[in-house]
Amino acid sequence: VEKVSLDDALTMSIEQNHNLLELDTALTELESFDAQQCQVVELRYFAGLTIEETAEVLKISPATVKREWAIARMWLYSRMKDKG
């Protein structure tokens with residue numbers, strides 16, 4: 001645990017909210033051309049499901065989840081890096 005001043009905490013909170021807005025925008029864009037990749041990201045990142053649990057929910061193979069997860073992460077990283 002690291003102590004931070006109230007001013008620093010406010011700045012960090014604003015930056016985190018900005019990043020979440022960028023992530024939401026990027027996910028919306030991803031969903032428009034690959035809904036399955038978006039679902040994988042939502043289940044893995046936000047719901048915290050494992051590869052196997054995600055595969056079960058989406059009724060796809062774990063190998064497909066791994067592939068979609070890797071591709072979506074690369075795309076999101078690239079997209080958010082370009083916007084940042």
Side-chain angles (χ1 to χ4, degrees):
V1 178
E2 181 181 341
K3 289 185 179 183
V4 294
S5 71
L6 187 55
D7 290 334
D8 289 342
L10 181 59
T11 302
M12 291 169 58
S13 178
I14 291 170
E15 288 173 5
Q16 288 173 345
N17 286 339
H18 180 70
N19 288 341
L20 284 175
L21 289 174
E22 285 180 8
L23 177 59
D24 182 60
T25 300
L27 279 173
T28 300
E29 189 175 335
L30 176 62
E31 183 179 36
S32 72
F33 65 86
D34 198 318
Q36 182 168 281
Q37 283 183 6
C38 185
Q39 288 177 315
V40 167
V41 171
E42 289 171 343
L43 292 171
R44 296 277 293 135
Y45 185 77
F46 295 108
L49 299 184
T50 65
I51 298 268
E52 292 74 19
E53 291 167 336
T54 302
E56 188 175 327
V57 168
L58 296 178
K59 299 186 182 352
I60 58 178
S61 73
T64 300
V65 172
K66 287 179 188 176
R67 185 176 52 252
E68 297 286 44
W69 176 236
I71 293 168
R73 281 191 341 230
M74 285 189 317
W75 186 87
L76 287 168
Y77 174 79
S78 174
R79 176 77 169 85
M80 292 181 70
K81 183 179 166 195
D82 290 345
K83 292 291 182 179

Is a side-chain donor or acceptor of S78 paired with a backbone partner of M74 at a separation under 3.5 angstrom? no
With rounding to the nearest 0.5 angstrom, report the CD to CG distance, E53 to L43. 10.0 Å
Are the side chains of L76 and Y45 in touch, meaning some heavy atoms are under 4.5 Å apart? no
Quick check: closest heavy atoms across M80 and L23, and the distance to 0.1 Å? CE-N, 3.7 Å
Exercise: identify the closest heavy-atom pair between I51 and P62: CG2-O, 3.6 Å
Between I71 and Q37, the two heavy atoms sitting closest are CG2-NE2, 3.2 Å
Minimal non-hydrogen separation, W69 against V41, with atom names: CZ3-CA, 3.8 Å
Kindly work out whether a path of hydrophobic side-chain contacts (I/L/V/M/F/W/Y, heavy atoms less than 4.5 Å apart) joins F33 to I60. yes
Taken to the nearest 0.5 Å, the spacing of E31 CD from Q39 CD works out to 7.5 Å
If you measure from CG on L27 to SG on C38, what distance do you get to the nearest 0.5 Å? 5.0 Å
Inter-residue atom distance D34.CG - E68.CD, 0.5 Å rounding: 5.5 Å
Measure across A55 and S61 and return the closest heavy-atom pair with its distance rounded to 0.1 Å. CB-C, 3.8 Å
Are more than 12 heavy atoms, taken from residues, nucleotides or ligands other than Q36, located less than 6.0 Å from that residue's CD atom? yes
Linked, directly or transitively: V65 and V57 (ILVMFWY side chains, under 4.5 Å): yes
Could you grab the distance from atom OG1 of T25 to atom CG of L21, nearest 0.5 Å is fine? 6.5 Å
